[in-house]
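Below is one structure, written out as structure tokens; comments come after it.
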Amino acid sequence: MSATERTSVRTFLIADIRGYSRYTEECGDEAAAALTKRFSAIVNDDVEAHDGELVEMRGDEALAVFTSARQAIRAAVDLQAQFQEAASEFDIPLRVGIGIDSGEAVQLEDGSFRGAALNVAARLCGRASGGEVLISDATSRLAGRLGGLHYSDSGRVRLKNIPDPIHIFKVYSELDAHPANRWNVMIFGRERRGLTWRLALLVTLIAAATATAVVYLTAGEGAKPTVAASRLPGQAPVAATNLASIVPTGLWQDCRVQPVPSARAVETAACVPSNGVPDRWEISRYPNGAALTAAYRSELGRRVDIRPDTGRCNAFIWGGENVWNHGPGKPGGRVFCYFDGDDAVIVWTHERRGQPTHKDILVIAREGGSDHAGLTRWWRPWHHVIGKAQ
């Protein structure tokens, strides 16, 4: 190592505009240039405001480095809020995925960096959906829990060219979390200073007992809760409840129940198939139809380019939103699909509609390489089955 190379622990933030190539093809270079100009201005100001350094800006992608993991996370959440505001104000598809990792890195003479954390941040950025912030466990441990922010555990995942599984979290503003989840945030976030360890333990035990009682009373209308082992490679089994009973066993073996469910949901599981399609999918169960509808509308509302009751989701046409049916006159739920960068994404509901064997669930599946045909082939049989008691 030369005298001009410096090694230290840094936190790297990588942000990338989703669907930029497609937007350029459809709207032209001038529109794309205006989009990247807005993106660059927002990133520059936000990184500077959080004491970070903008290392590189390459059109639709930005790399920033921070000496503070806490500042990097806050910068990322603020960036997503500003991107959303700009998208609404200027009617532009400023959908950005952000990945963050921390670790030792070498700064070279030209100001660039080398280190494994850069690679992980890049993979997390590629994995993040538009509007998402994904951070590694390393960054989470460095920063600790931050007041006003909500952490959603996404489990351990395998990233391309990264030898070991990485434990990751989604981070977003507490204002975007459903009030039912804020109790968790208050316990594990800033407000925990007012709790003694005995009170925290009591709260945890009460929550566990309540959850068990709810499962017993709701699973199968009074049946004993179903328990199944759900894990990713290298993980200990996690007990599942109602989700395990409404997902076929062959699919469920790749799923893991998340410690904190998605907003409005009762429980959420992340699924990473070891092979085949899709690359990953996520299922959430909701307490009732109203909560499910609100969650679906929230997901759809993030896609300003999709209008209800338009388009199709099949091997030939990918983009739109509609009702899907079990059969003639038998609606099952709603579905919409889109491209998120090089990923094909499909989101659908399976609604209970008064049927005792059904649950109100929302599923999001994602397949890389723009392989919407492959995702369609997976979706067609399974969306009729996922959500019904097995």
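Remark: D45 pairs with no residue by the side chain to side chain contact (heavy atoms under 4.5 Å, CB included) rule, at least two apart or across chains.
Here the rule is side chain to side chain contact (heavy atoms under 4.5 Å, CB included) with L124, and of I98, N119, T139, L159 only L159 fits it. F113 pairs with exactly one of L63, L108, V55 by the side chain to side chain contact (heavy atoms under 4.5 Å, CB included) rule, that one being V55. The only option from S262, C255, C271 that meets the side chain to side chain contact (heavy atoms under 4.5 Å, CB included) definition with E282 turns out to be S262. Only one option out of T293, N322, D309, T349 pairs with R334 in a side-chain hydrogen bond (donor to acceptor under 3.5 Å, both in side chains); it is D309.
Note: the hydrophobic cluster containing I283 also contains W378 (ILVMFWY, side chain heavy atoms under 4.5 Å, direct or indirect links). Residues Y286 and L300 share a single hydrophobic cluster, defined by chaining ILVMFWY side chains whose heavy atoms lie under 4.5 Å apart. W382 and W318 fall within a single hydrophobic cluster, where Ile, Leu, Val, Met, Phe, Trp and Tyr side chains are chained together by heavy-atom contacts under 4.5 Å. In the hydrophobic cluster analysis, where Ile, Leu, Val, Met, Phe, Trp and Tyr join through side-chain heavy atoms closer than 4.5 angstrom, V247 is grouped together with L375.
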Yes or no on side chain to side chain contact (heavy atoms under 4.5 Å, CB included) for I386 and W252, after CA distance, side-chain angles and deciding distance? CA-CA 10 Å; I386 297 172; W252 184 251; over 6 Å; no

Pair D78, R74 - check salt bridge (charged side-chain N to carboxylate O under 4.0 Å, His left out), show working. CA-CA 6 Å; D78 287 349; R74 290 202 179 280; over 6 Å; no

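Remark: the backbone N or O of D46 is paired with a side-chain donor or acceptor of H50 at under 3.5 angstrom. A donor-acceptor pair under 3.5 Å is formed between the side chain of N288 and the backbone N or O of A291. Judged by distance alone, the side chain of E85 and the main-chain N or O of Q82 form no donor-acceptor pair under 3.5 Å.
Residues R127 and V157 form a side-chain contact, since some pair of their non-hydrogen atoms from C-beta on lies under 4.5 Å apart. No side-chain heavy atom of E25 sits under 4.5 Å from any side-chain heavy atom of Y20. Side-chain contact between V363 and W281 is present, with at least one heavy-atom pair separated by less than 4.5 Å. Residues D60 and R18 have side chains not in contact (no heavy-atom distance under 4.5 Å, counting atoms from C-beta outward). Contact of the F169 side chain with the I100 side chain is not registered, since no non-hydrogen atoms from C-beta on lie closer than 4.5 Å. Within the 4.5 Å cutoff, side-chain heavy atoms of H350 are placed close to those of H326. Side-chain atoms of W348 and L362, non-hydrogen and from C-beta on, never get closer than 4.5 Å to each other. In this structure the side chain of Y151 reaches within 4.5 angstrom of the side chain of S140, judged on heavy atoms.
Using a 4.0 Å cut-off between a side-chain N of Lys or Arg and a carboxylate O of Asp or Glu, R352 and D360 do not qualify as a salt bridge. For R58 and E56, the salt-bridge test passes: some basic side-chain N is under 4.0 Å from an acidic carboxylate O. With respect to the salt-bridge test (charged N to carboxylate O, under 4.0 angstrom), the residues R95 and D340 do not qualify.
Annotation: the span from L146 atom CG to S173 atom OG amounts to 12.0 Å, rounded to 0.5 Å. Note that OH of Y23 and CG of D305 are 11.5 Å apart. Values are rounded to the nearest 0.5 Å. In this structure, F66 CZ and I73 CD1 are separated by 10.5 Å, a value rounded to the nearest 0.5 Å. From S129, atom OG reaches atom CZ of R302 across 8.5 Å, with rounding to the nearest 0.5 Å.
Figure legend: cation-pi geometry between R303 and F339 absent, as NZ or CZ is not positioned both under 6.0 Å from the six-membered ring centre and within 45° of its axis.
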